[in-house]
Amino acid sequence: MTEAIVEPEVLEPIIARYNGDPGNLLQILIEAQNALDWLSPGTQGFIAKSLDIPVTHVAAVVQFYTHLYDTPRGKYRVLFSHNITDRMAGSPTLMAHMLKRLKLKRGVVSDDGLVSVGKTSCTGMCDQGPALLVNNRAITRLTLRRIDEICDLIRARAPLANWPAHYFRVEDNIERADMLLGSAYAPGEALRAAIACGPTGMMAEMKRSNLRGRGGAGFTTAVKWEACRDAPGDERYIVCNADEGEPGTFKDRVLLQSFAERVFEGMAIAGYCTGARKGLIYLRGEYTYLRAPLEAKLSDFRRNRLLGMGICGVPGFDFDIAIHLGAGAYVCGEETALIESLEGKPGRPRIRPPFPVTCGYKNQPTVVNNVETLCKVTEVAIHGGLAYAGTGTRQSAGTKIISVSGDVERPGLYEYPFGVRVSQVLEDAGAYDAIAVQISGAAGQCLTPQEFGRRIAFEDVPTSGSFMVFGNNRDLFEAALNYAHFFEHESCGFCTPCRVGTALIARILEKIHSGHGARYEFNELNRLHQLISTSSHCGLGTTATNALHDIMTKFPTVFDRRLIRRDFEPGFDLDAALARAREVAGRDDANAHLDAHLGEGVDA
Amino acid sequence: MTDIPNTFNLDGERIHFEPGETILQAALKAGHFIPHLCANPEFTPHGSCKLCLVVVNNRSGSACVMKALPGLEVQSDTPDLNHRRRTLLQMLFVEGNHFCPGCEKSGNCKLQALAYDLEMFNDHFTHFFQPREVDASHPDFFLDRNRCINCELCVRASREVDGKNVFGIAGRSLEAHIVVNSPTGLLGDSTFAKTDRAAEVCPVGALLPKEVGFRKPIGARLYDSAPISQTPTAVKEEV
């Protein structure tokens, strides 16, 4: 009951800081949870009342974002990155070790309310994993020893601020630099070059450059900008999509950590060309640690008149940038879901059309560009559109940053002109026994060694940047199962095919994993792939089964050796149903099982 | 330019539309049934159930959100689309807990009627058997989440017509479920009233009136005499 007395004192200043604006609901909830560890019904009710919105709106937001909690999860909330690369680097063993040390079950808070341990989707630390988040702070390069140390710190109730700083160090790991990562650059250079061209001239340079979006879809940036500029509206917005959630991608994290000035300038130039005066960076919750440094750099920019009123002394060129945080939702990388989230709502993709360029944030014309795309804008401004278009391939101008992880000697960032062959990347990264490369994350495609001669480019193998390598000791079924669990968890739940279909796919793969799958299940997966990929509401659904389908068709042995030779085996597993009885009886020996060839548990 | 007629082709037949209408609205008005669950022309289109999937110029989309445009080639009643719709219905049946023989909505239920009409003979998939909460706190209405299909018609009706915001959806993936705007989360403590428009729009048996069970006997109900696709009253009511 003390809660009811304490909370208003905590909540009122937070709500006041956000002007009591329901559009800031997500930001308010994130801060409230930082202060209170969880969002109790009382907290949610208080916030709803203060913002004058239905409590259902608050509940909808709390329950949508994985990193917001409506039940207590402890003072220390540990989440292991569940991406396939973290798993390959040993995260299941490390999590099991931590659970054992803390005498915990996964997802259950300790009796003293101190700590909980769970899993989360890819944290974007694939080149320095296995990784975990503790209260949204990333800890990389985990070892058994480090897990022991973390357990000791938690037991000692040491404040996070007192934990060894090197735990939280996040490396850039730039292994190959080119146009963007390798050239000298002084803040303000690109802006001044753009101003010298004028808004129309800069737009013309953008067109000449043929710059295409780096988030994956590859839409021509100048076309987006023009559509936004020409759309009727009271206000225009430039949104930087820094919700880098595609498993295996981490380039945007490095760009925001070490090249943020380029991102800001790219946004300001977009504002200059389109007439937008406000920019928003949507920063994924997993990258919260970047917020303070970004804010500091924004202040520097304002001080140097590279942001704010009259940028570079040009009257009327006003542009400023604010940072919004996400809280654990992959779907928010979809631009309309991201806009919903910016407006403080659950990140459910909107019906399109209308597209954001005419009706986006607050229903005003809005450009949503990827972090890397905005960096490329500075190259276009400095070197001109024609020079920019001179590198890469016909349909894919410029360079591309690839995030390489998995079974390679040198994981990290590799920047190449578009058109580089997959085999070149593998050679440079030190991958000598690759049996497969998963390109563009869980939603992308899985390439066989016969395809390693293909090129990274929009006209051949497009990518958002993720490049996960599987060595010859890996079982791609584990990857397929991992992606299935990922999409089941990340489906926003709006449309039937994705909401139910991704869960059905996961159940069927679990059945095959446990040794009970037959040809029937294989055919079911194909049927579901056809339906989900053609009938879903947004890109999450339409791409959710791509990798699975690739693995099924291009790597036939992956499934063949797991399928039983019968036509069909029932899904009901009598032996598994006896698990509770075994638990009650306190025995788990061979004679307590019906079936000797029972598969291992799905979740390590 | 001005002479382009406002018509499109639906399964080879010419359909007239008023500018601004969706493909579904125009089709229903012209007496051509396209299966649908979450659509109701009275409210903002939603496009979530995907039952009204059509193929327009070789691309799939929801007829309830796609605007009718002159000259569109729309396919709806094709073996492929009906097969996809059947699978979507099976998904809805295994996601929730639907026991038609014991449900007061049987015969008036759109989910059931579409399943009959599209010849869905079994549930096909393994049931999820999810525990779903039943809320009987309101004096006049039950809220049985076992039967809810997340169409959000009650959410939209309460917001857009009743101006009450009684309902919302929270949770993602299979955990998406109806939540009620009241201090306790219970329907009985909300401002919901049996006279609300939201009380009438549920296409399934998730929102059911109390104390009026089986007033109309099985056999004399909306979809008992003819399939939903040929039930003119059902089509007319909506337009």
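Quick note: numbers below take in every heavy atom, side chains included, and nothing from hydrogens, waters or symmetry partners. Chain letters run A, B, ... following the sequence lines, proteins first, then strands; residues in each count from 1. Worth saying up front: this structure is predicted, and the values here are computed from it rather than measured.
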Practice problem: Find out whether B:Phe125 and A:Arg507 are in side-chain contact, i.e. whether some heavy atom of one side chain is under 4.5 Å from a heavy atom of the other. | Solution: no
Quiz item: How about B:Asn122: does its CG atom have over 12 heavy atoms from other parts shown lying under 6.0 Å from it?
Solution: yes
Quiz item: Between CZ of B:Arg85 and CG of A:Leu531, what distance do you get to the nearest 0.5 Å?
Solution: 12.0 Å
Quiz prompt | Heavy-atom neighbours of B:Phe43 CZ exceed 12 at 6.0 Å | solution = yes
Exercise. Sort out for me which of A:Lys511, A:Glu490, A:Glu488 touches chain B most, counting heavy-atom pairs under 4.5 Å.
Key: A:Glu490
Quiz prompt | chain A-proximal positions within residues 168-191 of chain B [heavy-atom distance under 4.5 Å] | solution = B:Gly168, B:Ile169, B:Ala170, B:Gly171, B:Arg172, B:Ser173, B:Leu174, B:Ala176, B:His177, B:Val179, B:Val180, B:Asn181, B:Ser182
Self-check item: Among B:Leu88, B:Thr126, B:Ile149, residue most engaged with chain A (heavy-atom pairs, under 4.5 Å)
Solution: B:Leu88
Exercise. Taking the side chain as every heavy atom from C-beta outward, state whether B:His83 and A:Arg527 have any atom pair closer than 4.5 Å.
Key: yes
Quiz item: CD1/A:Ile351 to NE2/B:His46 distance, rounded to the nearest 0.5 angstrom?
Solution: 7.5 Å
Quiz item: Among B:Cys49, B:Ser60, B:Gly61, B:Cys38, who wins on heavy-atom pairs under 4.5 Å with chain A?
Solution: B:Cys49
Quiz prompt | Heavy-atom contact with chain B under 4.5 Å, split by part of A:His57 | solution = side chain
Practice problem: Could you tell me the separation between the NZ atom of B:Lys50 and the CD1 atom of A:Ile532, rounded to the nearest 0.5 Å? | Solution: 13.5 Å
Quiz item: Between B:Val166, B:Asn150, B:Val94, which residue shows the highest count of heavy-atom pairs closer than 4.5 Å to chain A?
Solution: B:Asn150
Exercise. Count the heavy atoms belonging to other residues, nucleotides or ligands that lie under 6.0 Å from CD of B:Glu133, then report whether that count exceeds 12.
Key: no
Quiz prompt | Residues from residues 495-504 of chain A approaching chain B under 4.5 Å (heavy atoms) | solution = A:Cys495, A:Thr496, A:Pro497, A:Arg499, A:Val500, A:Gly501, A:Ala503, A:Leu504
Quiz prompt | chain B interface, residue from A:Ala59, A:Ser491, A:Gly493 that has the most non-hydrogen pairs under 4.5 Å | solution = A:Ser491
Quiz item: Under 6.0 Å from the CG atom of A:Asn523, do we count more than 12 heavy atoms belonging to anything else shown?
Solution: yes
Exercise. Sort A:Ala48 into side chain, backbone, both or neither according to what part of it lies under 4.5 angstrom from a heavy atom of chain B.
Key: neither
Exercise. Measure the spacing between OG1 of A:Thr534 and CG of B:Asp80 and express it to the nearest 0.5 Å.
Key: 7.5 Å
Practice problem: Let me know if B:Leu51 has heavy atoms under 4.5 Å from chain A in its side chain, its backbone, both or neither. | Solution: neither
Self-check item: Validation row: A:Glu524, B:His124 side chains within 4.5 angstrom (heavy atoms)
Solution: yes
Quiz prompt | Contacting moiety of A:Ile508, where chain B heavy atoms sit under 4.5 Å | solution = neither
